[in-house]
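Chain letters run A, B, ... following the sequence lines, proteins first, then strands; residues in each count from 1. From a predicted model like this one, the values you see are computed outputs, not experimental measurements.
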Amino acid sequence: MQYSDKVMDHFMNPRNVGEIENASASGTVGNAKCGDIMKVDLKIENNVILDAKFKTFGCGSAIATSSMATEMIIGKTVDEALRLTNKAVADALDGLPPIKMHCSLLAEQAVKAAIKEYYEKNGLLNDENKALFDMLEEDPH
Amino acid sequence: MQYSDKVMDHFMNPRNVGEIENASASGTVGNAKCGDIMKVDLKIENNVILDAKFKTFGCGSAIATSSMATEMIIGKTVDEALRLTNKAVADALDGLPPIKMHCSLLAEQAVKAAIKEYYEKNGLLNDENKALFDMLEEDPH
Amino acid sequence: MSKRERVYLDYAATTPVRQEVLDVMLDIYKNEYGNPSSFYQEGQKAAKIVSNARDTVAACIGAQASEVYFTSCGTESDNWAIKGAAASLASKGKHIITSKIEHHAVIHPCEALAKQGYEITWIEVDQDGLVNPDDVRSAIRPDTILVTIMMANNEIGTVQPIGEIGKICKEKKVLFHTDAVQAAGALKIDVKDLNVDLMSFSGHKIYAPKGVGALYIRKGVRIANLLDGGAQEKNKRGGTENVAAIAGFAKAFELATTELEENSAKLSELRDSLMNQILAEIPYARINGHKSKRLPNNVNISFEFIEGESILLMLDFSGYSCSSGSACTSGSLDPSHVLLAIGLPHEIAHGSLRVTFGKDSRQEHVDNLVKDLKEIVKKLRDMSPLYSDFLKNGRN
Amino acid sequence: MSKRERVYLDYAATTPVRQEVLDVMLDIYKNEYGNPSSFYQEGQKAAKIVSNARDTVAACIGAQASEVYFTSCGTESDNWAIKGAAASLASKGKHIITSKIEHHAVIHPCEALAKQGYEITWIEVDQDGLVNPDDVRSAIRPDTILVTIMMANNEIGTVQPIGEIGKICKEKKVLFHTDAVQAAGALKIDVKDLNVDLMSFSGHKIYAPKGVGALYIRKGVRIANLLDGGAQEKNKRGGTENVAAIAGFAKAFELATTELEENSAKLSELRDSLMNQILAEIPYARINGHKSKRLPNNVNISFEFIEGESILLMLDFSGYSCSSGSACTSGSLDPSHVLLAIGLPHEIAHGSLRVTFGKDSRQEHVDNLVKDLKEIVKKLRDMSPLYSDFLKNGRN
Ligand SMILES: Cc1ncc(COP(=O)(O)O)c(C=O)c1O
Ligand SMILES: Cc1ncc(COP(=O)(O)O)c(C=O)c1O
């Protein structure tokens with residue numbers, strides 16, 4: 001497995017590890033059986049993500065993409081964060097080995113799952129934006 | 001192919017190569033298709049083999065056994081020569097590779113064929129000694 | 001974790017070529033390049049080297065030289081034994097018995113045969129990875145043509161009761177193959193005592209080079225060829241002999257056999273020290289494989305709540321080369337079939353680490369590894385949602 | 001004949017490992033012992049070495065790297081191509097076309113398949129050893145699944161019209177395999193131009209070590225595995241990669257490709273000189289193989305009235321290493337199937353000599369060889385009953 005220096009940096013020194021007390025919303029995706037789980041907590045004010053923290057059980061790229069994805073959404077509006085793709089996360093890490101691309105999907109899904117909870121809690125989920133969360137039904141494996 | 005020093009000696013410096021003018025008897029066995037032919041000329045007086053010469057088309061062990069076999073029968077009586085076995089020739093050469101043992105049969109056969117001719121020419125072939133030449137009907141290959 | 005000299009702890013994946021072996025090979029590469037099938041001196045010298053190597057390997061396993069066939073690797077030996085037996089005995093039957101914890105070099109040939117109409121019985125193992133010989137006995141049917149059970153497992157190190165299984169197969173007149181790739185050099189091998197008919201070996205696990213192996217075929221046992229070609233290996237395995245590697249393999253096997261007891265003693269000390277220290281110092285860790293019926297150099301541990309690749313990656317960063325599951329499957333994302341077979345749940349199987357010691361291993365490596373592992377496991381657990389869940393809610 | 005320094009003239013049987021290749025291998029043996037399947041640095045460095053080697057070999061034959069698979073020898077490549085194609089296409093048909101002058105690594109797999117119910121058409125060759133592409137065209141049937149015709153013959157050096165045969169196979173949508181073991185390094189190879197689907201290579205014919213080879217498998221062509229095992233070679237060929245030998249093979253292939261023209265020019269000069277001198281100075285000799293469509297380093301001659309082994313033995317004694325027929329069959333007593341196929345009578349086929357030149361060959365070797373051969377042929381003819389018969393009675 002050849003990981004980029006960026007991946008190794010985010011793996012060895014992951015940003016935003018932890019949990020947020022009284023998070024505005026959280027999302028957990030994956031399952032231990034498949035070898036990776038990611039949980040994201042978001043602190044959102046005025047539709048802006050002020051903070052994000054994660055906990056991840058998984059391989060090197062699962063941890064690195066968790067770190068990178070949280071980095072990328074902090075300071076973004078919820079709508080902007082919803083447009084975060086796994087491709088964008090992987091690119092920001094200078095790429096991932098092909099066999100590991102599915103791990104970056106985990107990060108995208110976790111962020112979406114948290115935002116979905118935020119929408120639900122705040123009555124923002126509607127017919128228009130519901131489709132944005134369709135991918136949460138997919139199994140990345 | 002690992003040949004003994006004796007085989008190599010008899011191959012590189014074969015004894016008794018040639019033909020005998022007015023030979024008492026000759027024998028030729030083998031065929032070119034199978035890769036070996038041996039012709040033996042014998043000079044016999046008073047039932048004693050005074051001289052033997054050979055010509056051989058064949059591999060190293062065919063030539064070496066030709067040389068050794070003629071050496072071994074010179075000075076012997078015809079009866080003694082008839083008892084020459086391929087095993088004895090091979091042993092005298094310090095052995096042959098297993099795959100090459102059939103070549104020593106060629107020498108035994110050639111000597112027997114020559115003696116048979118001698119018996120025939122001299123009216124010596126009878127019901128008693130006929131069986132000694134049975135092996136000439138066998139194909140060594 | 002500071003960067004320091006690298007420590008190789010994956011001798012079950014492959015070993016370096018030892019100096020004595022390299023010397024033998026170099027001499028051949030430089031001076032003996034003849035083709036053993038050739039008639040002239042250079043060829044005959046090469047043939048002699050191969051035949052001496054065959055004598056040596058035969059002596060290491062209690063076989064006759066004529067029963068030893070050189071191959072290109074353990075995988076070829078396994079494929080030849082299994083597919084060769086299947087092809088030559090198809091008229092007798094199409095039932096093959098193997099275990100659930102074989103190497104892929106056995107599993108995949110069996111699966112390939114299954115697609116061709118053979119029927120495979122996959123014997124279960126117990127929680128320590130042991131095959132019960134009685135299970136083999138009761139699986140044997142009139143149409144059983146082959147039993148193939150490995151001598152020692154490459155992941156968890158469990159050593160099987162090969163002698164007992166061999167006796168059953170002999171009694172039932174069924175061909176018995178064992179993959180001894182991991183056992184060679186670590187356990188005493190006598191093909192007669194063990195009653196095996198076919199046995200696979202590989203060079204690069206015993207300090208010989210990669211790309212050479214051997215198959216023992218008991219006298220009288222006939223299996224179809226895998227590599228048809230020239231007259232090499234008594235017409236049973238074509239291909240110009242890999243003279244240098246074969247001689248190196250024989251040298252390595254000879255040395256391993258001479259040094260076996262001394263080495264086993266040293267290695268099992270390191271092994272036991274690592275197992276004991278980990279169990280003492282790192283919570284929620286469990287040892288996989290049998291406690292005593294185990295390769296002297298193998299440690300396999302699962303750490304709960306964390307995932308194996310990230311352990312490996314952090315260890316690699318700290319200078320340790322270890323493995324999680326079999327090296328050959330590390331391209332795959334599934335947890336090891338061996339760990340699942342001994343009953344580990346998926347999430348725990350995912351968090352396993354294999355450490356295998358060898359010639360250069362020292363106590364110091366063990367002590368440092370434990371120290372670094374402690375930190376790494378802690379760091380990963382602090383990141384793990386499973387661990388925080390467990391701390392909050394206990395096991396669920 | 002005086003004893004002098006030995007002169008190796010059997011480069012078609014095998015070649016020494018050249019220094020540049022040995023350097024590459026030694027460095028790997030000493031410093032890069034990782035298993036390419038391993039996750040950590042040592043493993044990844046080994047994987048990189050293998051992947052670079054794949055790029056290099058691909059470049060030498062105009063292929064993509066993903067189309068190159070490493071094997072343990074030319075024989076394995078041939079077996080894999082033929083048996084693999086047969087297994088994966090059995091539902092389409094069971095007819096295979098090959099020639100009568102293939103290497104045993106092709107003939108014997110075909111014969112093994114024949115025993116399993118496949119039907120083999122053995123294409124005849126003309127007196128120069130050439131396959132007529134039209135014969136291939138007319139042998140193709142709806143159930144033909146594979147054509148396998150070698151690129152250059154190892155005994156008589158004849159080079160086949162592979163490009164034409166490839167075009168016919170492409171047009172008829174039949175898989176085409178060619179054994180390029182002898183062609184590699186001697187002839188330009190471009191898999192696209194030649195329209196081949198499968199192509200076999202071996203290391204030890206091009207100054208790489210024994211025990212390594214490659215199979216080119218055109219993108220989109222699927223053949224069954226021969227060695228099932230780990231995930232190596234994209235799951236198509238199990239077994240820990242022979243890293244050092246693979247890197248050595250790539251280095252050797254690269255050098256051979258760079259030096260191809262220069263070498264061919266030099267070798268064909270020696271070849272032509274030997275052929276001309278023999279024809280001029282030794283009566284009752286004939287050249288076997290095609291006059292011009294011929295490997296640059298190959299001379300094959302029959303001397304009437306004498307037998308090949310004794311020629312070899314005397315040459316060996318004088319310090320020359322040559323071959324009669326294929327090295328691989330020198331354990332056998334039958335005359336070469338190739339010489340019989342070009343129409344030589346048995347007794348003449350028995351008296352054939354193959355001289356193949358290589359890196360260390362010089363004009364001086366040719367000149368001395370002719371001198372010594374003259375004496376040897378004379379000595380053996382003086383011993384030959386066939387020759388005296390001929391002198392007395394002429395040809396009968
Ligand atoms: C034409 C040809 N094919 C195949 C082979 C077999 O190659 P290897 O000895 O590497 O198995 C050889 C040489 O022995 C050969 O000359
Ligand atoms: C138990 C076992 N069998 C077979 C093999 C395959 O050996 P090789 O890599 O030489 O093909 C290995 C190692 O990879 C192994 O550990």
Here's one to test your reading of the geometry: is the NZ or CZ of D:Lys359 within 45 degrees of the ring axis of D:Tyr207 and under 6.0 Å from its centre? yes
Leading residue by heavy atom contact count with chain D [cutoff under 4.5 Å; candidates C:Ser321, C:Pro109, C:Gly211, C:Ala105]: C:Ser321
For the NZ atom on C:Lys234, are there more than 12 heavy atoms of other groups (residues, nucleotides or ligands in this structure) within a distance under 6.0 Å? yes
Taking every heavy-atom pair that is under 4.5 Å apart, which of C:Lys30, C:His108, C:Glu111, C:Arg237 has the most such pairs with chain D? C:His108
Scored by heavy-atom pairs under 4.5 Å with chain D, the best of C:Thr15, C:Leu22, C:Asn79, C:Thr75 is C:Asn79
Where does C:Cys322 contact chain D at under 4.5 Å (heavy atoms): side chain, backbone, both or neither? backbone
Taking C:Glu233 for its side chain and C:Lys236 for its backbone only, find out whether a donor-acceptor pair lies under 3.5 Å. no
With chain C, which of D:Val17, D:Asn225, D:Leu312 has the greatest number of heavy-atom pairs at distances under 4.5 Å? D:Leu312
Segment of D:Glu241 engaging chain C (4.5 angstrom heavy-atom cut-off): backbone
Quick check on D:Asp316 against chain C: is it the side chain, the backbone, both or neither that has a heavy atom closer than 4.5 Å? both
Where on D:Asp78 is there a heavy atom nearer than 4.5 Å to chain C: the side chain, the backbone, both, or neither? neither
Verdict with reasoning, D:Tyr33 to C:Tyr8, per ring pair (Phe, Tyr, Trp, His ring centres under 6.0 Å): CA-CA 10 Å; D:Tyr33 58 89; C:Tyr8 188 73; 4.9 Å; yes
State which residues pass side chain to side chain contact (heavy atoms under 4.5 Å, CB included) with D:Ala47; sequence neighbours excluded, sorted by chain then number. D:Pro36, D:Gln44
Between D:Leu315 and chain C, with a heavy-atom cut-off of 4.5 Å, which part of the residue counts as in contact: side chain, backbone, both or neither? neither
Among D:Gln19, D:Lys83, D:Gln116, D:Glu32, which residue has the highest count of heavy-atom pairs closer than 4.5 Å to chain C? D:Lys83
Who wins among D:Thr71, D:Leu26, D:Asn31, D:Val106 for the most heavy-atom pairs under 4.5 Å with chain C? D:Leu26
Can you check side-chain contact (heavy atoms from CB on, under 4.5 Å) on D:His177 and D:Ile82, steps first, answer last? CA-CA 8 Å; D:His177 167 249; D:Ile82 294 167; 4.2 Å; yes
Name all residues meeting the side chain to side chain contact (heavy atoms under 4.5 Å, CB included) criterion together with D:Ala90; count only those two or more places apart in sequence or in a different chain, and write none if there are none. D:Lys94, D:Tyr118
Ring centroid separation D:Tyr40 to C:Tyr320 under 6.0 Å: no
